[in-house]
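In what follows, chains are A, B, ... by sequence order, proteins preceding strands, each numbered from 1.
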Amino acid sequence: MDISPILDPLNDEQRAAVTAPAGATLVLAGAGSGKTRVLIHRIAWALTALGASPHNILAVTFTNKAAAEMRHRIEKLLGMPGGAMWVGTFHGIAHRLLRLHHQLAGLPPGFQILDSEDQQRLIKKLIRAQELDDTRFVPRDVQYYINKLKDDGVRPAQVKAGYDPMQQTLAKLYAAYEETCQRSGVVDFAELLLRAFELLRDNASLAAHYRARFTHVLVDEFQDTNSIQYAWTRLMAGNDGSPFVVGDDDQSIYRWRGARVENLRQFSRDYPNATMFRLEQNYRSTGNILDAANALIANNSGRLGKNLWTSGGKGEPIHVYAAYNERDEADFVLHRILEWNRRGGARREVAVLYRSNAQSRVFEEAFLSARVPYKVYGGLRFYERAEIKDALAYLRLVSNRHDDASFERVVNLPTRGIGARTLEGLRAAARQRGESMWAAAARMLSGMPEQKLPGELSAAEAFGARGATALLGFLQLIDRLDADTKGLPLHEQIDHVIQNTGLIEHFRKDKQDKGEARIENLEELVSAARGFDADALSPGTEGEKLPPLEAFLAHAALESGEGQADEWDDCVQMMTLHTAKGLEFPLVFMAGMEDGLFPHQRSIDDLEGLEEERRLCYVGITRAMKQLYVSYAEQRRLHGMDSFGVPSRFIEEIPAALVEEIRPRVQVARPAIGVARFRPVAPEAAAPGIKLGARVRHTRFGDGVILNLEGQGSQARVQVNFEHQGAKWLMLSYANLEIVR
DNA sequence: ACTCATTGGTTTTTT
DNA sequence: ACCAATGAGT
């Protein structure tokens with residue numbers, strides 16, 4: 001086979017990495033240095049020069065999108081289908097393993113996947129069931145606690161709760177949660193990974209089988225792996241196997257969800273013979289943009305070290321705009337985009353990046369009124385919509401009666417007279433016997449004589465006559481749906497369920513326009529099912545055939561369905577900095593660059609958090625190919641309150657030589673000659689009594705002492721050390737400080 | 001069971 | 001400001 005297409009498009013560094021000898025390999029790849037390309041060409045290299053077959057390849061990514069792209073590009077490069085390769089996300093591949101070996105993994109054959117919303121609802125139910133104070137045990141926090149333990153591989157039995165009653169209760173909740181999941185036959189996302197890990201850890205011969213098979217294990221975005229993913233990768237690759245991992249410690253922005261950058265270092269320790277490569281030549285951005293990124297990230301400690309360079313030119317400076325407020329900022333961005341447009345630039349080449357989703361609003365309003373098409377990424381995805389999840393819950397019950405989460409979701413939707421009382425009785429009964437709600441209901445309503453446990457109530461006692469009838473109706477409904485749809489094609493199954501559960505009527509009643517949209521979404525679900533082809537999604541199935549309904553449900557949970565339909569419309573792209581990772585745009589705006597917003601207030605105080613924010617900023621800067629605009633608002637309406645901001649510290653970390661400040665348009669009356677703000681104004685003149693050490697009062701921040709003064713006239717700033725809020729920089733002209741004493 | 005008012009809380013996101 | 005979740009009242 002001709003290997004020139006594999007090696008020719010590569011630079012020296014890339015080629016060295018791609019042709020590395022079989023064995024552990026670590027590629028530190030800077031932003032825009034051809035990371036994915038190296039991964040893909042490495043696979044091609046393994047298949048040609050190293051004599052591997054597609055059967056031997058396991059390639060793991062974090063997102064479905066990345067996995068799909070990888071498969072696509074390999075097949076294109078090699079000109080052949082790579083069906084026998086395992087290419088997928090950590091979760092997808094873990095899922096596949098668990099389906100194949102569900103018995104060894106201790107799972108029922110039809111187990112289903114709990115997404116994080118389902119998980120939270122279930123946890124909430126458990127907290128209530130244990131009659132705990134849900135202000136002390138916040139479902140979200142408990143969810144985080146449980147997932148953290150799972151990410152670290154800790155099972156309930158191994159939790160060290162000590163004598164702290166809070167910890168003990170949490171540990172009890174974790175145990176109860178696990179029990180419920182196991183009984184219901186459902187698995188959450190963290191559980192997929194943990195089970196797959198334990199499966200290999202506890203079954204030496206199975207692990208040996210896969211190690212023998214996957215002689216080439218490749219991992220993308222290695223800096224995003226958590227402990228379990230890393231441990232699993234090691235089991236899969238073996239200690240003397242050939243893991244080929246690619247990552248960039250400077251782009252680690254998911255520490256908050258369990259990612260461990262340390263895994264990059266750990267890799268070198270665990271594989272002392274590993275070859276390491278650095279990709280530092282950047283093909284994306286101008287020199288100025290790279291210099292800015294390099295300078296910024298140099299402020300982080302403990303980096304593995306990397307300096308991006310380009311053979312291209314310096315390009316334009318980084319533009320910094322100090323907006324008066326957030327609307328002025330949006331206006332500014334809008335006009336620059338119109339200008340870009342006028343000069344022949346496409347809208348899809350432009351990205352507006354921000355720290356948090358709420359910030360998109362002002363831009364949307366500005367774009368809307370100027371009729372500039374835009375697309376906001378993020379937000380609710382298809383399979384996460386309430387009505388879709390309702391329909392899926394029915395389907396899940398049809399497929400598995402013991403799924404309590406689904407049971408609770410739809411037992412009274414649409415309302416059929418199964419109220420809180422009835423459910424409480426049912427929950428209590430189920431808890432007492434340690435069975436699912438379905439099982440408890442069926443048992444109590446069967447009318448069969450049974451042996452009662454002491455203190456157990458009869459159906460009539462527990463639910464009342466009306467509740468009992470209604471509940472029986474629900475059980476019969478589900479059974480009927482199951483019987484009526486057996487053997488039907490998937491989409492007809494789903495259509496039948498939607499038509500016969502009363503969901504349509506339920507949403508039709510919705511007075512607002514929402515009901516209509518919901519019904520359309522349900523119809524869309526049917527057509528999604530019609531187009532669903534399980535084989536196309538996980539090719540190379542070797543006896544891992546799943547009933548179509550179950551395959552579809554797993555698909556819905558694992559791929560929440562990021563619609564890529566209108567990606568090619570010519571729209572301005574708007575998204576958070578996190579979402580932007582891995583993408584590139586000729587023109588990039590980073591908006592809302594104010595301390596407290598970015599870096600975010602909640603990360604500002606600890607070093608680790610701040611460094612992660614800095615990496616996020618690094619990610620943002622390195623998205624830009626040709627032009628980068630950075631902006632902040634001196635005044636911003638946040639949570640309904642006006643507040644004054646100071647420029648993000650990250651702006652100052654960009655060398656001044658690379659920056660060109662854009663002066664705000666002169667407001668209101670033009671000064672007669674020259675620029676007023678350059679006229680020296682004694683601080684006293686602007687604000688009497690404002691001097692170092694003075695005690696001042698701020699309407700929001702309270703009392704404090706002036707630490708520092710800077711700037712002149714309308715640009716004057718003060719740094720005040722507030723008694724309760726700590727030190728803050730404020731614009732003197734907006735801060736409205738009152739001198740105390 | 002549904003409607004309306006009040007309350008709390010607001011980073012980032014995949015799977 | 002805005003959303004979701006809760007609680008009181010019809």
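Residues Ile418(A) and His578(A) each lie close to DNA chain B; by heavy-atom proximity, the contact nearer the 5' end of the strand is made by Ile418(A). Where Ala420(A) and Ser603(A) meet DNA chain B, the nucleotide closest to each residue was compared, and Ala420(A) sits on the side nearer the 5' end.
Contact annotation: Arg257(A) side-chain N/O to dT13(B) OP1/OP2 distance is not under 4.0 Å. For the OP1/OP2 pair of dT14(B) and a distance below 4.0 Å, the side-chain nitrogens and oxygens of Arg381(A) include at least one atom meeting the criterion. Checking the phosphate oxygens (OP1, OP2) of dT10(B), no side-chain nitrogen or oxygen of Ser356(A) falls inside 4.0 Å. Between Asn226(A) and the phosphate of dT15(B), there is no side-chain N or O to OP1/OP2 separation shorter than 4.0 Å.
By the side-chain hydrogen bond (donor to acceptor under 3.5 Å, both in side chains) test, Glu178(A) is found to be paired with Lys150(A), Arg155(A), residues two or more places apart in sequence or in another chain being considered. Applying the ring-ring contact (aromatic ring centres under 6.0 Å, His included) rule to Phe650(A) yields the partners Phe598(A); only residues at least two apart in sequence or on another chain are considered. Applying the ring-ring contact (aromatic ring centres under 6.0 Å, His included) test to His578(A) and every residue at least two apart in sequence or in another chain returns Tyr254(A), Trp256(A). With sequence neighbours excluded, no residue forms a ring-ring contact (aromatic ring centres under 6.0 Å, His included) with Phe463(A).
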Identify every side-chain donor-acceptor pair in residues 138-146 of chain A under 3.5 Å, counting partners at least two apart or on other chains, and give the distances.
from, atom 1, to, atom 2, distance (Å)
Gln143(A), OE1, Gln120(A), NE2, 3.4
Gln143(A), NE2, Ser116(A), O, 2.9
Gln143(A), NE2, Gln119(A), OE1, 2.9

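The nearest whole Å value for the distance from the CG atom in Asn412(A) to the P atom in dC2(B) is 8 Å. Rounded to whole Å, atom P of dC2(B) lies 12 Å from atom CZ of Arg416(A). Here dT14(B) presents its C1' atom at 15 Å from CG of Leu380(A), a figure rounded to the nearest Å. A straight line from CZ of Phe189(A) to C1' of dT15(B) spans 4 Å, rounded to a whole angstrom. The distance from atom CD of Gln143(A) to atom P of dT14(B) is 15 Å, rounded to the nearest whole Å. Note: OH (Tyr254(A)) to P (dT14(B)) measures 6 Å, nearest angstrom. In this structure, CG of Asp118(A) is placed 16 Å from P of dT15(B), rounded to the nearest angstrom. A straight line from NZ of Lys581(A) to P of dT15(B) spans 12 Å, rounded to a whole angstrom.
Aromatic stacking of Trp256(A) on dT12(B): satisfied, with centres closer than 5.5 Å and planes within an angle under 30 degrees. For dT11(B), the base is stacked against the aromatic ring of His600(A), per a cut-off of 5.5 Å between centres and 30° between planes.
Within the 4.0 angstrom heavy-atom criterion, only backbone atoms of the sugar-phosphate kind lie near Thr579(A); the bases stay farther away. Asn64(A) comes within 4.0 angstrom of sugar-phosphate atoms only, judged by non-hydrogen atoms across all strands, and of no base. Asp188(A) comes within 4.0 angstrom of no nucleic acid atom, judged by non-hydrogen atoms across all strands.
A ring-ring contact (aromatic ring centres under 6.0 Å, His included) with Phe589(A) is found for exactly one of Tyr374(A), Tyr629(A), Phe363(A), namely Tyr629(A).
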For each nucleotide in nucleotides 1-10 of chain C, reading 5' to 3', give B when a protein heavy atom comes within less than 4.0 Å of its base, S when such contact involves only the sugar-phosphate, and - otherwise.
-> BS--SS----
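Counting heavy atoms from C-beta on, the side chains of Arg649(A) and Leu610(A) come closer than 4.5 Å.
Cation-pi check for Arg99(A) over Phe111(A) is met; the charged atom lies under 6.0 angstrom from the ring centroid and within 45 degrees of its normal.
Side-chain N/O atoms of Ser116(A) and base N/O atoms of dT15(B) include a donor-acceptor pair closer than 3.5 Å.
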